[in-house]
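Excluded from the calculations below are hydrogen atoms, water molecules and symmetry mates; all remaining heavy atoms, backbone and side chain alike, are included. Letters A, B, ... are given to chains in the order of the sequence lines, protein chains preceding strands, and every chain is numbered from 1.
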Amino acid sequence: MDTAAGEAGVETEIPGGDPDFASFFASQRAGAFRFAYVLVGDASIAEEVVADAFARLYPRWRKVDEPGPYLRRAIVNHARGGFRRSAVRRRYEARVSRSDDVPGSDEGLDERERVRRAMLALPPRERAVVALRFLEDRSESETAELLGIAVGTVKSQAARGLAHLRAALTDEEEAR
Amino acid sequence: MTTDVDRVRHALGDLADVEVPDSLMQKTKRRVAQRRRRRLSAIAVAVALVVAASGAGIAAAVGGHNDRHHVITVEPPTTTPLAPPPPQALGVLNGQLAVVSTVNGTVLRTLPSDGRIVALSTAPGARWIAYTQTPLSSGQRCDGSPKLAKTHADGTATQLIVGATTSHPLISPNGEMVAYTYSECGEPSVVGITNLDLGSNSLLTMQSNTSAERPLAWTPDSEQLLIANAANIYRITPWSVGFPGTFVSLPPNVHAAVFESDTVLAISYPTSDGQSDVLATYDLSTKTLHPIQTFGRATVTTLSFDAASKTLLANVVGPHDDAELVTFGRRPSTTTRIEGLTSAVWYAPPK
């Protein structure tokens with residue numbers, strides 16, 4: 001069986017049998033999965049999204065200059081609504097609708113769940129901007145290039161997203 | 001002192017502190033393998049079609065030019081058995097959606113709509129039909145210009161998709177998405193993509209006004225889209241990421257296009273004198289053009305491809321709205337006359 005050194009020295013099998021792609025997969029899978037999880041708020045959906053994004057990248061692996069941004073962009077686009085499998089879509093919609101509970105339903109939730117719900121309440125593009133800027137610490141210009149939008153749009157969407165998340169955290173503090 | 005940004009960073013870091021599932025590797029491997037199989041299958045189809053196209057080109061050359069009423073018979077080498085082509089096409093007839101027989105040209109039925117249909121698209125097995133029509137109900141932006149709507153494959157549950165001026169609706173081969181060009185009341189055209197089930201929209205690119213009237217074409221895996229980039233220059237772009245993609249140079253004024261495989265594109269374009277229309281395949285891997293047939297004093301308005309039977313359907317319209325549906329594939333080519341049919345695509349709704 002083909003293997004390659006993964007993160008923390010873990011040996012991983014090679015998707016597609018390409019050692020370079022396997023190294024890329026091993027180095028990126030954790031970050032990609034966590035990024036996707038923050039976007040979709042569900043581990044099983046994040047797994048589907050990330051697996052699809054890697055599989056889309058694979059045939060273009062030798063042609064893409066910067067596979068990292070390509071992978072992130074594929075994840076963002078999938079998370080935005082490109083779910084192909086209806087079961088995944090149903091789970092996603094059910095999860096999103098649960099996050100749209102009536103006001104006040106956040107009482108008693110821990111900070112992590114509050115932030116998860118606050119993220120899911122953001123429009124998809126704004127969510128991606130927040131995740132790239134404040135989870136992955138990417139610069140405004142890097143975020144703009146990756147999402148194909150203007151730097152000014154990144155600034156405004158990041159500010160709106162930040163205010164929304166700040167409010168969720170503040171509500172929690174006040175509730176204590 | 002902790003700033004708001006630091007607090008949000010910390011909170012997002014906590015949220016993202018999830019364990020990566022062990023199954024991610026296996027899931028990714030399965031997805032990669034699935035895509036490989038699809039790609040290999042598409043390559044096999046491409047080889048078969050190049051053989052068929054070569055045969056058709058020879059037949060057209062021998063049969064002569066400008067012979068659109070003559071049924072050209074192509075007998076490529078027999079390989080694996082294929083499904084027969086769908087017996088029906090969906091077309092625009094007198095401004096209505098009409099289901100027609102590709103066998104004898106009979107109009108089987110019309111589907112309901114509340115406007116005059118301009119252009120349509122569906123794909124074999126697709127649950128949706130997308131079309132532009134004018135006018136819809138009043139109060140829409142740019143009243144009088146074509147708007148994009150969708151309906152179930154059986155003609156029920158019509159719904160407006162885009163209220164701006166739209167053209168070139170094109171449903172993906174997997175039936176899930178529709179691509180189209182649209183403009184806001186005379187603004188430069190843009191290529192948009194809508195997921196027909198979810199209703200989510202993506203913006204693929206800006207197009208200049210000059211290139212906006214060029215056709216779109218989905219790759220067989222529904223992953224990439226051929227769009228006009230400039231005069232005679234097209235690019236094949238992965239729709240989900242919108243990266244630049246591959247540039248392709250085609251003959252001037254291509255006005256219909258459809259992928260037959262990952263590497264073979266069927267196109268139609270006018271001859272240099274503008275009097276006739278050429279139907280050809282373009283091999284993307286070798287960058288070679290293979291003319292199939294020249295239609296004298298007629299225009300190929302739509303091209304549609306059925307992957308199951310590997311059969312191309314061309315709707316050819318003459319100067320007096322006399323139309324013909326012509327098929328090209330592994331089986332002998334056929335020609336069916338249907339007066340007034342302005343466009344047509346294969347129609348095989350899910351059972």
| field | Distance (rounded to the nearest 0.5 Å) between B:Lys27 NZ and A:Asp52 CG | value | 10.0 Å
| Do any of residues 150-159 of chain A come closer than 4.5 Å to chain B, heavy atom to heavy atom, and if so which ones, in number order? | none
| field | Evaluation steps, side chain to side chain contact (heavy atoms under 4.5 Å, CB included), between A:Asp137 and B:Arg9 | value | CA-CA 9 Å; A:Asp137 279 335; B:Arg9 281 204 169 104; 2.6 Å; yes
| message | For the interface with chain A, which of B:Val5, B:Asp17, B:Val18, B:Val8 has the highest count of heavy-atom pairs at distances below 4.5 Å? | response | B:Val18
| Part of residues 128-135 of chain A lying next to chain B, heavy-atom separation under 4.5 Å | A:Val130, A:Arg133, A:Phe134, A:Leu135
| task | Quick one: list whatever passes salt bridge (charged side-chain N to carboxylate O under 4.0 Å, His left out) with A:Arg34, sequence neighbours left out. | result | none
| query | Any idea which of B:Leu15, B:Ile193, B:Leu12 has the most non-hydrogen atom pairs under 4.5 angstrom with chain A? | reply | B:Leu15
| request: Could I get the full list of ring-ring contact (aromatic ring centres under 6.0 Å, His included) partners for B:His10, not counting sequence neighbours? | output: none
| said: For the CZ atom of A:Arg60 and the CD atom of B:Gln224, what is their distance to the nearest 0.5 Å? | reply: 4.5 Å
| message | I'd like to check A:Glu47 versus B:Val20 (side-chain heavy atoms, cut-off strictly below 4.5 Å). Are they in contact? | response | no
| said: For A:Val38 versus B:Ala16, what's the shortest heavy-atom pair and its separation? | reply: CG2-CB, 3.7 Å
| said: Would you compute the distance between atom CG of A:Leu162 and atom CZ of B:Arg7 and round it to the nearest 0.5 angstrom? | reply: 10.0 Å
| query | Salt bridge check: are A:Arg112 and B:Asp14 linked by an N-O gap of less than 4.0 Å? | reply | no
| remark: Interatomic distance, CE@B:Met25 vs CZ@A:Phe25, rounded to 0.5 Å, equals 4.5 Å
